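Structure first, commentary second.
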Amino acid sequence: MWHKTVRTTIAAGALSVLAAGCGGGSSGNSSSSMMNTQSLANVSMTDAPGDYDNVWVTVAAVWFHASNTAGPDDPGWVKFPLAVPVTVDLLTLQNGNLSQMFGNMQPSNGTYQQIRIFLVGPDAALTASATAAKLLYNDQVNYQDAIDTEQSSPLELVNPSKGIALYGTFTVASGSTLNLALDFDVNRDVLPFFVGNQQDYVLKPRLAYFDLSHVGAIT
């Protein structure tokens, strides 16, 4: 069976709106009014072509922290949850297309060294968006088996309550927009395993990132 390469890019700075109409949420850590000196960050997703039929993920929140040693239970996180989780088929986001997940976030000016993206686990209660997509799980892989019959398996997450961490130096300057892209490689990071005769998948990402203000676009 061929494995699908899916690139998920979470980009800060894109002002497009998700076609499904999801709205970006923010915690009490962000200002309720725009100031001329306030920075902005928007979060989008994109995908590269691959060989699975579908790879669905349900996105819930993104967090920022100034320390690269902070754990998810430590204080100091700047949190931006979605008002409701959003389920996205990554295969609909190809050829550099971006789908915005979070809009007009206002993290405090400064330098962040850690970002965490949170997905709703496949074992959690099915979200409204996953139900609308007619899924069995919040995170799901659809694939062709050895006799070309479509199968659906949960995409398991490692410690979903701790999020998926990215470490680096992310500077939010006064009056600017952070243009950051986080890159998953599902061909490498989605690993198959078997529970009896049932084939499942686990997501173990090793995130990379690049600055969209330098590259200009995703190809």
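All values derive from a computational prediction rather than experimental measurement.
Each of V120 and L82 belongs to its own hydrophobic cluster when Ile, Leu, Val, Met, Phe, Trp and Tyr are linked at side-chain heavy-atom distances under 4.5 angstrom. Hydrophobic clustering (side-chain heavy atoms under 4.5 Å, transitive across Ile, Leu, Val, Met, Phe, Trp, Tyr) keeps V57 apart from L135. Under the 4.5 Å side-chain heavy-atom criterion for grouping Ile, Leu, Val, Met, Phe, Trp and Tyr, Y201 is connected to L203 within one hydrophobic cluster. There is no path of hydrophobic side-chain contacts, each under 4.5 Å, that joins Y137 to W56.
With W77 contributing its side chain and G71 its backbone, the two residues share a donor-acceptor pair below 3.5 Å. Side-chain atoms of Q114 come within 3.5 Å of backbone atoms of A70 as a donor-acceptor pair (strictly under, hydrogens ignored). In this structure a side-chain-to-backbone donor-acceptor pair under 3.5 Å is present from S153 to Q199. In this structure, Q113 contributes its side chain and A66 its backbone to a donor-acceptor pair below 3.5 Å. Judged purely by atom type and a 3.5 angstrom limit, T149 has no side-chain atom pairing as donor or acceptor with the backbone of D145.
For the pair K204 and V158, the minimum side-chain heavy-atom distance is below 4.5 Å. Looking at L119 and V59, their side chains come closer than 4.5 Å, going by heavy atoms from C-beta outward. Counting heavy atoms from C-beta on, the side chains of E156 and D139 never come closer than 4.5 Å. Considering only heavy atoms from C-beta on, F193 stays 4.5 Å or farther from L191 through its side chain. Within the 4.5 Å cutoff, the side chain of P122 has heavy atoms near those of the L157 side chain.
For the residue pair P107 and V78, the shortest heavy atom distance occurs at CA-CG1, 4.5 Å.
To the nearest 0.5 Å, atoms CZ (F170) and CG (L178) are separated by 8.5 Å. Remark: F118 CZ to I164 CD1 distance equals 9.0 Å, nearest 0.5 Å. With rounding to the nearest 0.5 angstrom, the CG atom of N142 is 4.5 Å from the CG atom of N54. F194 contributes atom CZ, which lies 9.0 Å from atom CG of D200 (distance to the nearest 0.5 angstrom). Annotation: the span from T69 atom OG1 to D74 atom CG amounts to 7.5 Å, rounded to 0.5 Å. Taking NZ of K162 as the reference point, atom CZ of R116 lies at 8.0 Å (rounded to 0.5 Å).
For the 3.5 Å distance criterion, the side chains of Q144 and D53 qualify, holding a donor opposite an acceptor.
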* Could you walk me through whether F80 and W63 pass ring pair (Phe, Tyr, Trp, His ring centres under 6.0 Å), step by step? => CA-CA 6 Å; F80 297 95; W63 295 7; over 10 Å; no
* Apply side chain to side chain contact (heavy atoms under 4.5 Å, CB included) to I115 and V62, showing your working. => CA-CA 7 Å; I115 293 174; V62 63; 3.8 Å; yes
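Looking at T87, T58, N138 one by one, the single match for side chain to side chain donor-acceptor pair (under 3.5 Å) with S129 turns out to be T87.
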